[in-house]
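Notes follow the structure.
Everything numeric here is computed off the predicted structure, so don't read it as measured data. Positions are given from 1 along the sequence.
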Amino acid sequence: WDETHFGKMGSYYINRTFFFDVHPPLGKMLIGLAGYLSGYDGTFPFQKPGDKYEQHNYVGMRGFCAFLGSCLVPFAYLTVLELSKSLPAALLTAFILIFDTGCITLSQYILLDPILMFFLMGAVLSMVKCNSSADRPFSASWWFWLSLTGVNLAGAMGVKFVGLFVVLLVGLNTIYDLWDLLGNLSLSMVVFGKHLLARVLCLILLPLALYTAMFAVHFTVLNKSGPGDGFFSSAFQSQLIGNNLHNVSVPEHLAYGSVVTMKNLRMAGGYLHSHWHLYPEGIGARQQQVTAYLHKDLNNLWIIKKHDSATDLSDPSSPVEFVRHGDIIRLEHKETSRNLHSHQHEAPLTRKHFQVTGYGINGTGDSNDFWRIEVVGRKAGKLIKVLRSQVRLTHVATGCILGSSGKTLPKWGWEQVEVTCTPYLKETPNSLWNFEDHINPKLPNISLDVLKPSFAEILLESHMVMIRGNSGLKPKDNEVTSKPWHWPINYQGLRFSGVNETDYRVYLLGNPVIWWLNLVTIGLYLLMAVSTAVTLKRGVQLTSELKELSRVLLRGGGQVTLGWLLHYVPFFMMGRVLYFHHYFPAMLFSSMLTGITWDTLLKFCAGFLSPRTTARKVYGGGFLALVLLIMYSFYLFHPLSYGMIGPMASDPSSPMAGLRWMDSWEF
């Protein structure tokens, strides 16, 4: 399954080959480091699930992820112990995570999820420990836990952007603490200012510094050209060893008569391209095709000419005249001598966009060949830089803007990318271009090193590319995706490896008893929390023991419930493709809530019984029944994690027959 992605990316780090991924780099860097330290040489191809590793040393990478996944158990145990001060509540939480088939499956492969959840739970544990040190502010332990919270926040954000949810949880906790301190009249404003500065330092500046450092290491290590080049700007690509732009010298500013290539700024947008083939009958005007092409090619070359001049600009004696922001130009295709042209015929694929064609003979066309060149953020008359300037071309006659739609043309268009002229003036990367190759013998060449972007520009560009990549993730044909409402009810799992009866099959599915117990607990907790709050508001006299149970339920359970909501609800608003494994961070919180809620409920029920020995027996019996139920369910379903061989569960002769409790389970 996803080992084909993240194992391969670990190999890229070992080989220092640049690649693109929609997630920040920390998780893949750690996987690559684990592989490197354990003797893996980065040569396994990671082509498809089921390929044998043979002699390749993969155990270090899997072992690293398994170790971090195993740490979730003590982290959750210590968090619940700190929140509830109850050993049984912490033990119940630990049993839940130890015997959950989903957590085991997700932790035993080369994946980002155990790394993400390690930092997430580390941040929650550190936050809770820091809260417990609130009576000793500015002590060594207080500073340690506050700083460790910041380190773990940087780690969570550095693995996946969903780490932002735990940042939000810690942020809300911090606001609550500061508000509480502000209301303490015995505290001077100087001391409050120290509290505020300490949190800014440890929870904002420290995580930002570490997060930025991750990208500095990422770009330093990946210094060779690779499969990720095309997702980034030409200026960035010029820094990669082996890229065709590396160590190249070109004229800096654009001039009339220059031969250029234009690259679209949308992710994998391609180069402006044309060829002798015409649009087929019935597809707009039957003129020469203009497309975007993802590869270097002579048909990507265009000559920049004045819109109203027939002067031979290739004549060495003619003076150099630079192209400026706001100029009206013609672009003549070098190989076919036809001009870049648009008109009000509809584009081949994108409705309400205009067709773009190659038109004219030997550079002679009509007024529909005229384009106004404008640089983003520049004033009229400014020169245009190769690589660095982001330009848009506005069609003078119709007012539309040249852009790449990102849609793939049919076979008549050689499955290249559609280029259109859009009448909608919204500025997007689709309608922005930069000049990459630049040939003009009249102009002095400069090294592209002079034009290389700063680290801040690279950091910003990488985040824009990642965000666009995330939003562009759509389900592939026949791909198993899921909806957020499926997740808490364990509605549908995910095939990790193997499909047929002869395959060794691993299937990601939560332990049904655990997941359904967690789901029931959420409703039960809300009911208990509301009734407890109402009781306290009415001023009902409670024993000291019941008061402590109420505090644990409302404060400890409330923090965990907020964590569950923050890690689950946002997925309902996401437009990208979603999978079952996205729920596992939220599942950690619901498991901790189960430990706290059932411990509180059993203690509350036992409190009405006497003598004390009977109460203890009822409490112990209830606790033991929950643990045994969880363990028995694990015994039934453990082949999902450790591998199934033989007939599918729908076959009566299958060892898993009778365990397909929901028709949507596909094991």
Side-chain angles (χ1 to χ4, degrees), residues 1-2 22-23 69 72 76 93 96-109 111-118 120-121 124 156 159-166 168-169 470 473-476 479-496 506-526 560-595 597 630 633-634 637 640-641 659-667:
W1 191 59
D2 266 1
V22 296
H23 305 299
L72 300 178
T93 301
I96 286 171
L97 295 182
I98 287 170
F99 293 110
D100 180 57
T101 49
C103 285
I104 292 170
T105 306
L106 210 58
S107 297
Q108 63 187 357
Y109 296 111
L111 302 174
L112 295 185
D113 301 271
I115 308 174
L116 169 69
M117 293 191 288
F118 171 84
L120 186 155
M121 284 303 301
V124 173
V159 177
K160 283 188 177 185
F161 283 128
V162 291
L164 185 63
F165 300 151
V166 77
L168 193 55
L169 176 65
N470 261 302
L473 286 175
K474 303 299 178 189
K476 304 179 183 72
E479 188 175 20
V480 177
T481 61
S482 61
K483 296 180 172 59
W485 69 265
H486 291 172
W487 303 339
I489 61 175
N490 218 20
Y491 177 77
Q492 188 178 34
L494 194 60
R495 289 193 185 105
F496 260 46
V506 175
Y507 189 73
L508 177 68
L509 188 74
N511 182 328
V513 167
I514 289 174
W515 283 58
W516 294 338
L517 181 64
N518 285 353
L519 183 61
V520 169
T521 301
I522 292 166
L524 182 63
Y525 169 78
L526 294 174
V560 173
T561 304
L562 179 61
W564 177 76
L565 289 169
L566 289 174
H567 286 81
Y568 177 47
V569 173
F571 286 102
F572 284 94
M573 296 170 271
M574 288 189 186
R576 58 154 288 174
V577 61
L578 298 173
Y579 302 101
F580 177 49
H581 68 92
H582 287 137
Y583 182 69
F584 277 80
M587 181 265 178
L588 296 176
F589 288 96
S590 64
S591 298
M592 290 190 288
L593 183 64
T594 297
T597 303
I630 288 166
S633 180
F634 173 75
F637 286 93
L640 298 180
S641 296
L659 293 177
R660 194 161 171 257
W661 296 348
M662 297 180 73
D663 291 338
S664 50
W665 294 352
E666 299 168 311
F667 56 80

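Using a 4.5 Å heavy-atom cutoff, the side chains of F496 and L111 are in contact. Side-chain atoms of L593 and N518, non-hydrogen and from C-beta on, never get closer than 4.5 Å to each other. Residues D100 and M587 are in side-chain contact: their nearest non-hydrogen atoms beyond the backbone lie under 4.5 Å apart. Within the 4.5 Å cutoff, the side chain of H582 has no heavy atoms near those of the S482 side chain. Looking only at side-chain heavy atoms (C-beta outward), P488 and Y568 come within less than 4.5 Å of each other. Side-chain atoms of V159 and F118, non-hydrogen and from C-beta on, never get closer than 4.5 Å to each other. Under the 4.5 Å side-chain criterion, counting only non-hydrogen atoms from C-beta, D113 is in contact with K160. Contact of the L168 side chain with the H567 side chain is not registered, since no non-hydrogen atoms from C-beta on lie closer than 4.5 Å.
Aromatic ring orientation, W487 versus Y583: tilted (interplanar angle from 30° to 60°). Ring planes of F165 and F571: perpendicular class, angle over 60° (limits at 30 and 60°). The aromatic rings of F584 and F580 sit perpendicular to each other, their planes meeting at more than 60°, with 30° as the lower class boundary.
Of the possible donor and acceptor atoms, one in the side chain of N490 sits under 3.5 Å from a partner among the backbone N and O of G510. Checking side-chain atoms of T101 against main-chain N and O of L509 turns up a donor-acceptor pair under 3.5 Å.
Annotation: the span from L588 atom CG to L72 atom CG amounts to 5.5 Å, rounded to 0.5 Å. Distance check, rounded to the nearest 0.5 Å: CG of L526 to OG1 of T597 gives 9.0 Å. Here the straight-line distance linking atom CE of M121 with atom CE of M592 works out to 4.0 Å at 0.5 Å rounding. A distance of 11.5 Å separates CD1 in I104 from CG in L508, rounded to the nearest 0.5 Å. One finds the OH atom of Y525 at 11.5 Å from the CD1 atom of I522 (value rounded to the nearest 0.5 Å). Rounded to the nearest 0.5 Å, atoms CZ (F667) and CG (L640) are 5.5 Å apart.
Closest approach of M573 and V569 over heavy atoms only: CE-O, 3.9 Å. Closest non-hydrogen pair, G595 versus T93, comes out as CA-OG1, 3.5 Å. What you find for L116 and A156 is that their closest heavy atoms are CD1-O, 3.7 Å. Nearest heavy atom pair, residue Q492 against residue S664, reads CG-O, 3.7 Å. Minimum heavy-atom separation, L120 to P585: CD1-CB, 3.7 Å.
Taking the six-membered ring for Trp, W665 and Y507 have ring centres at least 6.0 Å apart. In this structure, the ring of F637 has its center no less than 6.0 angstrom from the ring center of W515.
For S633, the side-chain hydrogen bond (donor to acceptor under 3.5 Å, both in side chains) partners at least two apart in sequence or on another chain are N511.
No hydrogens or angles considered: a donor-acceptor pair under 3.5 Å links the side chains of S641 and T105.
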